[in-house]
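Quick notes on the structure that follows.
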Amino acid sequence: MGAWAWWPGLLFGAVPLLCLAAWHFTDAWHCAAFALKYRGRGSKGSRQRLPPGHMGLPFLGETLSLLWYFKLVRRPDDFIGAKKSAYGDGVGLYRTHLFGSPSIIACSPAANKFVLQSADSFGIRWPVPELVGITSVGNVEGASHARLRGFILAAINKPSSLRTIATVVQPRIMAALQTWADKGTIVAATEIKKVTFANICKMFVSMEPSPMTDKIDQWFGRLLDGLKAFPLDLPGTTSRAGRKCRRKLNAVFQEVLEARKKVHTGCDDLMSGLMQMEDEQGKKLSDNEVVDNIVSLVIAGYESTTTAIIWATYHLAKSPVVLAKLREENVEMNKSKSGSTLASLMITYDDIPKMKYTTKVVEETIRMANISTMVFRVANMDVEYHGYTIPKGWPVLVWLRSLHTDPNYYQDPLTFNPDRWEEPAKPGTYQVFGGGSRICPGNMLARMQITIILHHLSIGYEWELLNPDVEINYLPHPRPADGTSMAFRRLST
Ligand code: HEM
């Protein structure tokens with residue numbers, strides 16, 4: 001037999017066998033290391049156990065499996081589904097090895113709630129805190145976090161702020177829709193991103209579109225890429241480019257802030273709000289905190305809002321009955337407005353509670369969009385949960401997505417059906433905005449922006465997807481692969 005004849009044998013026999021052995025060995029090794037470390041530490045002599053699951057291959061862990069389900073077969077829910085089939089539903093915790101570290105996945109309403117609401121036991125540890133913003137609300141913990149959240153909630157989540165924001169963002173949305181119709185064919189992702197960013201610049205720092213805001217947009221793009229990249233700080237890496245852009249953004253907004261301190265501009269925007277607010281002790285935010293949090297709020301609100309609006313246009317194009325009902329409600333709302341000024345054509349924050357069907361469309365869009373597949377925490381101490389141990393220092397991946405696509409909680413979960421919101425979701429099964437002390441402070445702002453665009457879209461325009469069967473990308477966020485290309489025109493009367 002020639003030497004070449006060994007190769008197929010090796011390839012189809014020895015290599016898979018070696019991989020299988022490595023796969024078994026890795027899990028056994030991790031479990032043995034855990035058992036050794038925790039020997040005799042269980043309460044009342046009980047043995048401590050890791051949650052069920054598997055640590056995957058050496059170094060890679062379950063990364064290949066994740067990529068298989070999310071990128072190759074495009075069935076992301078089967079990643080958790082496969083765990084449930086292999087190890088049972090249990091208490092909603094699984095051990096795994098992902099993103100370079102042994103980790104715990106939480107994926108049941110109760111387990112997620114437990115992790116998200118136990119802020120003392122589970123903290124935040126970002127791979128590159130500088131990218132998130134060292135003094136930003138997403139990075140600080142404890143009393144500093146509570147204080148900062150208070151400022152941010154007051155600036156973007158209370159009715160008086162939302163009332164102002166509704167009037168600030170609407171003219172630009174109305175103008176943008178007209179330009180889409182003039183173009184006739186658009187890539188919705190590109191156009192929605194543009195108008196969302198222009199509105200962010202306006203409501204956060206009163207900046208009008210200019211070559212400078214184009215640059216800022218590019219820097220945010222690179223910063224967001226850096227956040228999703230492997231955190232390697234070497235020349236040429238995406239992470240290094242992201243850090244550079246974060247510094248540039250902080251410098252630009254620092255300049256805006258300095259200018260405002262010299263000349264009172266009278267701007268009624270987020271930056272002014274954050275500069276003026278005082279906590280209960282009469283203490284204001286430092287300049288650095290204002291700037292860091294402005295940048296971080298853009299990071300948190302830009303891509304998420306854009307993605308939600310993309311999905312709204314996508315689902316409505318595919319659901320003519322829903323669009324007809326949405327149109328009916330919004331045309332009625334529009335008829336209730338009188339006058340011919342721009343302001344008289346706008347909806348107000350106080351109109352939104354009356355828009356019952358539109359509110360259901362918004363909730364269903366956000367449920368199905370699953371913008372954050374998971375959120376990250378890290379165990380600050382050994383944590384016991386229903387007889388399992390989450391070891392100190394291990395990351396916990398709180399899998400939000402799996403709740404929203406589980407047929408036990410949502411009938412026919414992959415169907416876009418706003419009517420399901422006639423009943424509220426089962427307790428704990430709707431975690432699109434996270435939960436506990438870090439629940440998204442921009443949730444009302446996001447809902448309001450989607451409602452506003454739905455209003456103007458439905459009363460004035462119609463659109464068709466050019467590729468209705470396009471594949472969906474699930475990483476880093478779920479989106480139609482073609483950016484949602486569509487024919488877009490004014491509604492024929
Ligand atoms: C549909 C749109 C949005 C979705 C689905 C969304 C989702 C989330 C989720 C899942 C979290 C993590 C919560 C946790 O760790 O428990 C979060 C946090 C956050 N979001 Fe949003 N978000 C959206 C829009 C916005 C907007 C518009 C803003 C502000 C402009 C914003 C600002 C933030 C901030 C500052 C945090 C960090 C909060 C903290 O750590 O205390 N988000 N969001």
Side-chain angles (χ1 to χ4, degrees), residues 106 112-119 122-126 129 132-133 135-158 161-162 165 168-169 192 196-197 199-205 220 227 269-271 273-274 289 292-312 361-378 395-401 403-404 430-454 477-479:
N112 290 14
K113 200 170 152 198
F114 171 73
V115 176
L116 294 175
Q117 295 194 345
S118 312
F122 299 99
I124 286 278
R125 195 194 301 150
W126 294 98
V132 183
T135 62
S136 79
V137 68
N139 191 52
V140 296
E141 300 197 76
S144 317
H145 176 247
R147 173 174 173 266
L148 260 178
R149 261 188 85 91
F151 282 107
I152 286 167
L153 285 169
I156 60 172
N157 213 44
K158 67 172 196 210
S161 319
L162 291 167
I165 294 174
V168 170
V169 298
I192 294 167
T196 306
F197 188 68
N199 268 334
I200 282 181
C201 289
K202 183 76 186 164
M203 65 180 151
F204 285 18
V205 280
F220 270 112
L227 270 165
D269 56 20
L270 179 65
M271 182 177 263
L274 291 180
E289 281 176 315
D292 227 15
N293 280 286
I294 292 275
V295 177
S296 302
L297 281 161
V298 181
I299 297 176
Y302 182 15
E303 216 173 24
S304 54
T305 309
T306 305
T307 306
I309 298 172
I310 293 170
W311 278 114
V361 175
V362 172
E363 290 316 309
E364 184 67 346
T365 300
I366 304 174
R367 178 189 73 85
M368 285 198 69
N370 278 303
I371 292 160
S372 300
T373 300
M374 64 192 110
V375 295
F376 297 85
R377 296 288 189 272
V378 66
V396 182
L397 317 177
V398 184
W399 218 272
L400 308 177
R401 179 185 172 99
L403 308 184
H404 313 131
Y430 189 55
Q431 298 183 355
V432 285
F433 292 109
S437 60
R438 287 189 181 270
I439 192 166
C440 175
N443 71 80
M444 293 310 290
L445 175 57
R447 286 179 165 117
M448 187 179 78
Q449 293 198 81
I450 306 167
T451 307
I452 290 174
I453 201 159
L454 286 183
H477 301 290
R479 279 195 186 181

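We number each residue from 1, following the sequence as shown. Note that this is a predicted model, so its numbers are computed, not measured. First listed ligand is number 1; within each ligand, the first listed atom is number 1.
Excluding water, every protein N/O/S atom under 2.8 Å from atom 21 (Fe) of ligand 1 is given here by residue and atom: Cys440 SG.
Of the protein's heavy atoms, Val375 CG1, 3.7 Å lies nearest to atom 12 (C) of ligand 1. Protein heavy atom closest to atom 13 (C) of ligand 1, with residue, atom name and distance, is Arg438 O, 3.1 Å. Counting protein heavy atoms only, atom 35 (C) of ligand 1 is closest to Val137 CG1, 3.5 Å.
The minimum heavy-atom distance between Glu289 and Arg147, with the atom names listed, is OE2-NH1, 3.5 Å. Across all their heavy atoms, Ala312 and Leu454 have their closest contact at CB-CD2, 4.0 Å. Scanning all heavy atoms of the two residues, the minimum distance from Asn139 to Ile124 falls at O-CG2, 4.3 Å.
The distance from atom CG of Leu445 to atom CD1 of Ile200, rounded to the nearest 0.5 Å, is 8.5 Å. Note that CE of Met271 is 11.0 Å distant from CG of Leu297, once rounded to the nearest 0.5 Å. Considering CE of Met203 and OG of Ser161, their distance stands at 11.5 Å, rounded to 0.5 Å. Atom CD1 of Ile152 is separated from atom CG of Leu270 by 8.0 Å, given to the nearest 0.5 angstrom. The CZ atom of Arg149 lies 7.5 Å from the CD1 atom of Ile439; values are rounded to the nearest 0.5 Å. For the atom pair OG (Ser304) and CD1 (Ile309), the distance works out to 9.5 Å, reported to the nearest 0.5 Å.
Each of the following atoms of ligand 1 lies closer than 4.0 Å to a heavy atom of Gly138: 40 (O). Shown in contact with Thr305 at under 4.0 Å from a heavy atom are these atoms of ligand 1, numbered in order with element: 27 (C). Residue contact check: Ile156 has heavy atoms under 4.0 Å from atoms 29 (C) of ligand 1. Atoms of ligand 1 lying under 4.0 Å from at least one heavy atom of His145, given by number and element, are 39 (C), 40 (O), 41 (O). Residue contact check: Gly435 has heavy atoms under 4.0 Å from atoms 16 (O) of ligand 1. Listed by atom number, the atoms of ligand 1 under 4.0 Å from Val432 heavy atoms are 5 (C), 7 (C), 10 (C). Heavy-atom proximity to Leu297, at under 4.0 Å, picks out these atoms of ligand 1: 29 (C), 30 (C), 35 (C). Applying the 4.0 Å criterion to heavy atoms of Phe204 picks out, from ligand 1, the atoms 30 (C).
Of the heavy atoms in Arg377, only side-chain atoms (C-beta onward) come closer than 4.0 Å to ligand 1. Under 4.0 Å from ligand 1, not a single heavy atom of Gln449 appears.
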Can you list the steps and then say if Phe376 with Leu397 is a side-chain contact (heavy atoms from CB on, under 4.5 Å)? CA-CA 5 Å; Phe376 297 85; Leu397 317 177; 3.3 Å; yes
Could you walk me through whether Leu116 and Val375 pass the side-chain contact (heavy atoms from CB on, under 4.5 Å) check? CA-CA 9 Å; Leu116 294 175; Val375 295; 3.8 Å; yes
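Annotation: ring-ring contact (aromatic ring centres under 6.0 Å, His included) contacts of Phe197 (sequence neighbours excluded): Tyr302.
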